[in-house]
Amino acid sequence: PWVFEFPSFRLHSFIKQPCMRTTPISRNLMSFLTFAIVSCGTTPKEPKDMIVGKWEYVRMEIPSADMAQIEGMDQMKLLQMEGMLKMASWEYFQDGTYKMNIGNSQDRKIDGGTYALINDSQVLEEKSTGKRGEKKTEERKIVLLTNDTLKIGDPDRYVVLVKTSK
């Protein structure tokens with residue numbers, strides 16, 4: 001082994017020397033902590049698994065500075081859109097299909113189609129067929145996706161959805 005010579009002490013290589021003595025208590029504690037961490041399910045889920053479930057509208061977040069720049073008619077459209085979103089839900093299924101419900105229980109509009117997470121799961125792409133048979137594709141940027149929160153839009157303007165069931 002290599003040795004550094006200093007006037008007051010010697011520092012030997014750690015390769016041949018034990019780095020820590022273990023006692024039965026410390027071994028049991030380490031075993032318990034390892035078990036606790038593994039059993040808590042610390043393995044992160046893939047985005048394709050996290051998006052599966054039913055999502056409902058919570059709020060629209062737009063900075064107040066941007067809101068002041070929006071003209072009267074556009075503000076009216078924004079309020080109408082938010083009113084419609086308050087009655088909307090999206091459900092994404094494991095097989096790559098989705099269902100969107102808009103409206104109250106008496107006047108419910110149901111739309112659906114297929115979805116995919118594209119661009120390294122940064123964009124949600126939804127494909128559907130319109131009333132007249134035309135193909136529609138919508139791409140929504142994913143700002144944040146966790147097990148229970150989905151934020152769609154731009155980093156400074158987005159819609160917040162919360163998962164209500166899996």
Looking at [X] and [Y], what are the two nearest heavy atoms and their distance?
{"X": "Lys163", "Y": "Met50", "result": "NZ-O, 2.6 Å"}
{"X": "Val160", "Y": "Glu61", "result": "CG2-OE2, 3.7 Å"}
{"X": "Ile51", "Y": "Lys48", "result": "CG2-O, 3.7 Å"}
{"X": "Lys127", "Y": "Tyr98", "result": "O-CE2, 3.8 Å"}
{"X": "Val143", "Y": "Gly153", "result": "CG2-O, 3.4 Å"}
{"X": "Glu134", "Y": "Lys131", "result": "OE2-N, 4.0 Å"}

Worksheet item: Hey, is Arg140 close enough to Glu138 for a salt bridge, meaning N to O under 4.0 Å?
Response: yes
Is there a side-chain contact between [X] and [Y] (heavy atoms, below 4.5 Å)?
{"X": "Tyr57", "Y": "Ser89", "answer": "no"}
{"X": "Leu117", "Y": "Ile142", "answer": "yes"}
{"X": "Thr137", "Y": "Glu126", "answer": "no"}
{"X": "Leu161", "Y": "Glu56", "answer": "no"}
{"X": "Ile152", "Y": "Leu124", "answer": "yes"}
{"X": "Leu150", "Y": "Trp90", "answer": "no"}
{"X": "Thr129", "Y": "Lys135", "answer": "yes"}

Practice prompt. Supply the atom-to-atom distance Thr114 OG1 to Asp95 CG, rounded to the nearest 0.5 angstrom.
Written response: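 Rounded to the nearest 0.5 Å, the OG1-CG separation comes out at 10.0 Å.
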Worksheet item: To the nearest 0.5 Å, how far apart are CG in Leu85 and CE in Met60?
Response: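 One gets 5.0 Å once the value is rounded to the nearest 0.5 Å.
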Worksheet entry | Short side-chain to backbone donor-acceptor contact, Lys54 and Tyr92, under 3.5 Å |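 Answer holds: no.
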Worksheet item: Are the side chain of Asp120 and the backbone of Gln122 linked by a donor-acceptor contact shorter than 3.5 Å?
Response: no
Worksheet item: When clusters are formed by joining ILVMFWY residues with side-chain heavy atoms under 4.5 Å apart, either directly or through shared neighbours, do Phe93 and Trp55 land in the same one?
Response: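 In one cluster: no.
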